[in-house]
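Working notes for the structure below.
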Amino acid sequence: MKNETRVAVIGGGPAGLMAATVLNKAGLAVDIFDTKASAGCKFLVAGRGGLNLTHSEPAAIFASRYGNNAEIFQKILAGFSPHDLCAWLRELGVETFIGSSGRVFPKDATAHDILKIWVETLGRCGVAFHYQHRWQGFSQAGAPLFLAETGEILEFPATALLLALGGASWPQTGSDGNWVPILAAWGIQLAPFRPTNCGVEVTWSEHFRTHFSGKPLKNVLLRCGDQQASGDIMITAHGLEGGPVYALSALIRDRLEETCPVPLFLDLKRDLPQERILEKLAQRRGKESLANFLRKAIHLTGPAYSLLRETCSPEELKNPMALAGHLKNLLIPISKTRPLAEAISSAGGITFAEVTPDLMLRNLPGVFVAGEMLDWEAPTGGYLLQGAFSTGYLAARGLLKWLKTTPPTTARLFLPN
Ligand SMILES: Cc1cc2nc3c(=O)[nH]c(=O)nc-3n(C[C@H](O)[C@H](O)[C@H](O)COP(=O)(O)OP(=O)(O)OC[C@H]3O[C@@H](n4cnc5c(N)ncnc54)[C@H](O)[C@@H]3O)c2cc1C
């Protein structure tokens, strides 16, 4: 490959950094641009709750987590698999371990440690980092334009471009979807951004909100339509948060587009069958309060009991049959999902119809795209980071292939006349 080839990677998140790693290894001069003052801001946020890097489950099940895009991701993941990710991390000096749920985490390193080693390694290998450079679009000659911190508009003479600008959740990390109008102006089809892996809104009474926000509901089972998820969830001022809620949030979001509210059912005692609960309720005697009785007889915690009181009528609470039914199948009407800005990830962005199998924009030859700016979604469990890493890898490999087959003179022109 010619030495004068310069590639601009725009977006220094996991997808952009992985792409830069591949391009740098191939001997290209790589410049990374990011609007923030440092790389990987969202990666650092992901590290706050325990950095779940990927998952250890078999490839076909892994790919199925990408829903409608499972077939596309089967190919993407074959190029850079969870196994490849762990092997690459080991090269970087980061060991991983598989948790009891099959999720993969770094062994003795934080997100901050990994990012530091990664950025330092890239820097040592000659990758140039340009922070506080916000991509603005293209010059007349087809070169990327940046708004620098100084207020200047700078043009960068890149031979090819790789965009990894992220989705649109947690805009404070730099991924704010600001690039949408730029690409839309070039006729690229974009699906609207929507929250995914997010909390849901429930209209609580003032009393319940004040007293139970921040309290957990332990080991519950949530059901919506034909999907279910279990684990601990959190009562919040706005509704409910937590892993099982996030797992159902895409389905709830889609259903809310057709009907409101969407019924969510909670099993507050998933370890006890309804008949067993009924037997226990039949033993209630004397003047003992219901709260006390339920705590002793079926180990129902304070927040769970209060949720029953919040959602059931006094008559239903007095009726053992109705009460047992509610304990196993408590209806919570969901009025909204939490806003996109709060979601762990976003659905929407560049549709796969707009890119070649190598992730090059069909309308803008020489411009490759990767990461959450593509229109895919997946649950939590390491699928989001793996998706970012694998698409970053694939787009970089595609870019290398494109450079080999494209004469350097035409390679400079991304833009159609
Ligand atoms: C709270 C939270 C927890 C998470 N936990 C996990 C987890 O445990 N496991 C998991 O798999 N995933 C997790 N994720 C999701 C994961 O962090 C993202 O999927 C991943 O960071 C996406 O990578 P990306 O490179 O596509 O985009 P991003 O990481 O969003 O990076 C995009 C970059 O582009 C830059 N940029 C945007 N616009 C411009 C512009 N115009 N010019 C220049 N630069 C620009 C941004 O500043 C940013 O640095 C979590 C996310 C959140 C918010």
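Whatever order the structure lists them in is the order used to number ligands and atoms, beginning at 1.
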His133 to ligand 1, any heavy atom closer than 4.0 Å: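 True for this residue.
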Is [X] salt-bridged to [Y], cutoff N-O under 4.0 Å?
{"X": "Arg255", "Y": "Glu258", "answer": "no"}
{"X": "Asp358", "Y": "Lys401", "answer": "yes"}
{"X": "Glu91", "Y": "Lys25", "answer": "yes"}
{"X": "Glu71", "Y": "Lys75", "answer": "no"}

Geometric N/O contact [X] with ligand 1, under 3.5 angstrom:
{"X": "Leu51", "value": "no"}
{"X": "Asp34", "value": "yes"}
{"X": "Ser175", "value": "yes"}
{"X": "Trp179", "value": "no"}

Non-neighbouring partners of Gln274 that pass side-chain hydrogen bond (donor to acceptor under 3.5 Å, both in side chains), sequence neighbours left out: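 Here no residue qualifies.
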Heavy-atom proximity to [atom], best of [options]:
{"atom": "atom 32 (C) of ligand 1", "options": "Ala111, Pro144, Ala39, Ala164", "result": "Ala164"}
{"atom": "atom 2 (C) of ligand 1", "options": "Val45, Thr35, Val9", "result": "Val45"}
{"atom": "atom 29 (O) of ligand 1", "options": "Pro14, Gly166, Ala168", "result": "Pro14"}
{"atom": "atom 9 (N) of ligand 1", "options": "Leu17, Leu44, Asn52, Val369", "result": "Asn52"}
{"atom": "atom 17 (O) of ligand 1", "options": "Glu372, Lys42, Glu342, Gln132", "result": "Lys42"}

Of Asn329, Leu248, Leu264, the residue whose pairing with Arg223 passes side-chain contact (heavy atoms from CB on, under 4.5 Å):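 One option only clears the test, and that one is Asn329.
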